[in-house]
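Accompanying notes for the structure given below.
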There are 2 protein chains.
Amino acid sequence: MPKIGMEPVRRKALVDAALRVIGDQGTLSVTMSDIARTAGVSPALAHHYFGSKEQLLIATIRSLLAQLRDDAVAALQAAATPREKLSALIRVSFRAEQFAPETIAAWLAFYSEAQRSEDVRRLLVIYARRLRSNLLASLKSLCAVDDAERIAEGAAAMIDGLYIRQSLRSAPISIEASIALTEDYVTTHLDQLYEGRAS
Amino acid sequence: MPKIGMEPVRRKALVDAALRVIGDQGTLSVTMSDIARTAGVSPALAHHYFGSKEQLLIATIRSLLAQLRDDAVAALQAAATPREKLSALIRVSFRAEQFAPETIAAWLAFYSEAQRSEDVRRLLVIYARRLRSNLLASLKSLCAVDDAERIAEGAAAMIDGLYIRQSLRSAPISIEASIALTEDYVTTHLDQLYEGRAS
DNA sequence: TTTTATTGATTGATGAGTCAATCAAAAATA
DNA sequence: TATTTTTGATTGACTCATCAATCAATAAAA
């Protein structure tokens with residue numbers, strides 16, 4: 001079997017397998033054996049290519065993040081006006097794929113891991129910053145900078161919060177409802193800036 | 001040493017120790033030894049009183065929840081009007097103690113565990129429902145029921161989201177800022193219902 | 001003496017990481 | 001073309017550490 005140039009193929013297979021296994025089990029306490037089996041290779045090979053479980057996990061988060069970034073970039077390009085870009089960002093966050101129970105479970109596991117691993121934390125901070133700054137960029141065209149910052153912070157928090165609530169699967173809020181709630185937040189706060197000027 | 005009537009004392013000590021250790025390490029993958037040592041007893045005693053690690057963890061979540069409930073009840077009683085009750089609920093959620101990094105780390109760990117343990121999930125659902133219904137009760141006095149439901153959902157999501165973002169400790173939003181953001185959300189949405197009636 | 005509290009010692013399971021050995025494609029050589 | 005050498009890919013078997021859970025034994029109250 002050994003053909004040459006297997007490395008990239010195996011790396012990708014292992015990363016994909018890791019994401020699937022983590023999502024299914026809802027924890028980072030999955031075994032290298034589980035991941036390797038899902039990828040169709042031996043545990044030893046996983047160690048051969050990634051050196052340690054920690055490194056494989058980090059590569060897995062990176063992959064998730066890259067995917068999210070690509071989606072956001074594409075969505076932003078397809079949108080013309082700042083207001084449309086805002087909506088596009090919100091919609092991307094709640095994509096069916098992103099909002100799938102297994103994906104959410106994986107995110108939660110990573111957040112929890114970030115309490116221990118500085119590397120993981122740094123990666124998640126990148127995600128948080130990116131969401132915030134993407135929102136901010138569009139908002140700045142629509143209102144004053146300090147208002148924009150406040151609204152971006154609020155919208156980002158609401159998006160993350162809807163994720164968490166989704167993870168409990170109790171009275172699950174639909175994707176559309178989540179989008180509507182976030183859109184409503186942004187719209188209402190933008191409108192408010194140009195209507196009432198009382199205290 | 002063996003004095004009689006130790007059981008409740010030890011149970012409490014173990015639960016408190018569990019919460020502290022979990023908060024410090026940011027994971028439920030703490031050892032019974034760690035917890036027992038922190039509580040000043042042997043690991044065997046922890047098993048004696050709780051039967052298993054799982055049971056000790058469940059008792060720990062229950063304790064966190066009970067504390068939160070008591071705080072909420074007290075805060076609600078001290079508030080007179082529905083609008084004041086709303087503010088009180090928001091403030092309780094962001095109490096310094098609740099918002100401490102270790103407490104947040106513990107919450108995250110429990111959310112992650114809820115993906116696996118039905119018992120844990122059920123307890124967290126109780127928390128989510130309670131927050132939502134507390135908010136709802138006050139909101140119903142201030143606006144139409146369907147608006148109240150929407151606003152309660154949004155406020156609850158924002159509170160949870162601010163927690164998550166706090167857990168990353170990047171550009172940490174202060175307690176006051178978190179309260180202000182949530183208050184602003186509620187206020188703006190309530191006001192909006194009585195001002196603009198355009199599309 | 002009986003009961004309750006408590007622990008040290010032990011067990012059994014699990015899982016990360018290592019390593020020497022194997023296998024087959026590719027490259028070099030005849 | 002046929003043969004040998006080299007090298008990347010791959011794994012089974014093993015080590016070492018960790019940890020939950022058990023249990024028999026001890027000590028102090030009642």
Side-chain angles (χ1 to χ4, degrees), chain A residues 1-61 109-110 112-113 115-117 119-120, chain B residues 1-61 109-110 112-113 116-120:
Chain A
M1 289 177 195
K3 289 206 187 108
I4 213 152
M6 279 287 99
E7 177 157 353
V9 176
R10 293 276 114 106
R11 287 189 101 98
K12 179 168 188 328
L14 283 163
V15 163
D16 290 349
L19 192 55
R20 195 148 82 248
V21 174
I22 290 167
D24 280 348
Q25 300 193 208
T27 175
L28 296 199
S29 293
V30 296
T31 69
M32 288 295 260
S33 299
D34 282 344
I35 297 173
R37 192 177 328 113
T38 303
V41 299
S42 74
L45 195 66
H47 274 98
H48 174 65
Y49 283 128
F50 286 95
S52 73
K53 184 180 168 185
E54 166 102 6
Q55 287 306 310
L56 172 52
L57 294 183
I58 287 175
T60 304
I61 306 180
F110 289 132
S112 184
E113 178 68 17
Q115 308 303 310
R116 260 150 294 134
S117 161
D119 288 326
V120 171
Chain B
M1 293 174 197
K3 292 207 184 101
I4 210 150
M6 278 288 98
E7 177 155 353
V9 176
R10 294 274 114 108
R11 288 188 99 99
K12 179 168 188 327
L14 283 163
V15 163
D16 289 349
L19 191 55
R20 194 148 84 247
V21 174
I22 290 167
D24 281 348
Q25 301 194 207
T27 175
L28 296 198
S29 294
V30 295
T31 69
M32 288 296 261
S33 299
D34 282 343
I35 297 173
R37 191 176 331 113
T38 302
V41 299
S42 73
L45 196 67
H47 275 98
H48 174 65
Y49 283 127
F50 287 94
S52 72
K53 184 181 168 183
E54 167 101 8
Q55 287 307 308
L56 172 52
L57 293 182
I58 287 175
T60 304
I61 305 179
F110 288 132
S112 184
E113 178 68 17
R116 261 151 293 134
S117 161
E118 183 57 30
D119 287 327
V120 172

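Each chain gets a letter, A, B and so on, in the order its sequence line appears, and its residues count up from 1. Computed from a prediction, not measured in an experiment: that's the story for all the values here.
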Rounded interatomic separation in angstrom, taking CG from B:Leu28 and P from D:dA20: 12 Å
Going by atom types only, do B:Ser117 and B:Glu54 share a side-chain donor-acceptor pair under 3.5 Å? yes
Please pick, from D:dA21, C:dA16, C:dT7, the nucleotide with the shortest atom-to-atom distance to any side-chain atom of B:His47. D:dA21
Given C:dT18, D:dA21, D:dT10, identify the nucleotide with an atom nearest to the side chain of A:Ala44. C:dT18
Protein-nucleotide distance (A:Leu45, atom CG; C:dT22, atom P), rounded to Å: 18 Å
May I ask you to decide if A:Tyr49's main-chain N or O and A:Arg11's side chain share a donor-acceptor pair within less than 3.5 Å? yes
Roughly how many Å is it from CD in A:Gln25 to P in C:dG15, rounded to a whole number? 9 Å
Looking only at atom types and distance, does a side-chain atom of A:Arg116 sit under 3.5 Å from a main-chain N or O of B:Gly26, one as donor and one as acceptor? yes
For the side chain of A:Lys53 and the backbone of A:Val30, is there at least one donor-acceptor N/O pair under 3.5 Å apart? yes
Pick the nucleotide of DNA chain C nearest each of A:Pro43 and A:Asp34; which residue has the one closer to the 5' end? A:Asp34
Atom CZ of B:Arg37 and atom C1' of C:dT6 are separated, to the nearest Å, by 17 Å
Check every atom of C:dT7, C:dG15, D:dT11 against the side chain of A:Val41 and return the nucleotide holding the closest atom. D:dT11
D:dT10, C:dT6, C:dG17: which one has an atom nearest the side-chain heavy atoms of B:His48? C:dT6
Just call it for B:Phe50: base, sugar-phosphate, or nothing, with non-hydrogen atoms closer than 4.0 Å on any strand. nothing
Mind calculating the distance between CG (A:Leu57) and P (C:dG17) to the nearest angstrom? 10 Å
Under 4.0 Å: is that the gap between some side-chain N or O of B:Arg10 and OP1 or OP2 of C:dT6? yes
Nearest to the side chain of B:Met6 - D:dT11, C:dT6, C:dG17? C:dT6
What nucleic acid atoms does A:Val30 come within less than 4.0 Å of, heavy atoms only: base, sugar-phosphate, or nothing? sugar-phosphate
Could you tell me the separation between the NZ atom of A:Lys53 and the P atom of C:dT18, rounded to a whole number of Å? 15 Å
If I compare all heavy atoms of B:Gln55 with all of B:Phe50, which pair ends up nearest, and what's the gap? CB-O, 3.1 Å
Within the structure shown, what part of the strands sits under 4.0 Å from B:Ser42 by heavy-atom distance: base, sugar-phosphate, or nothing? base
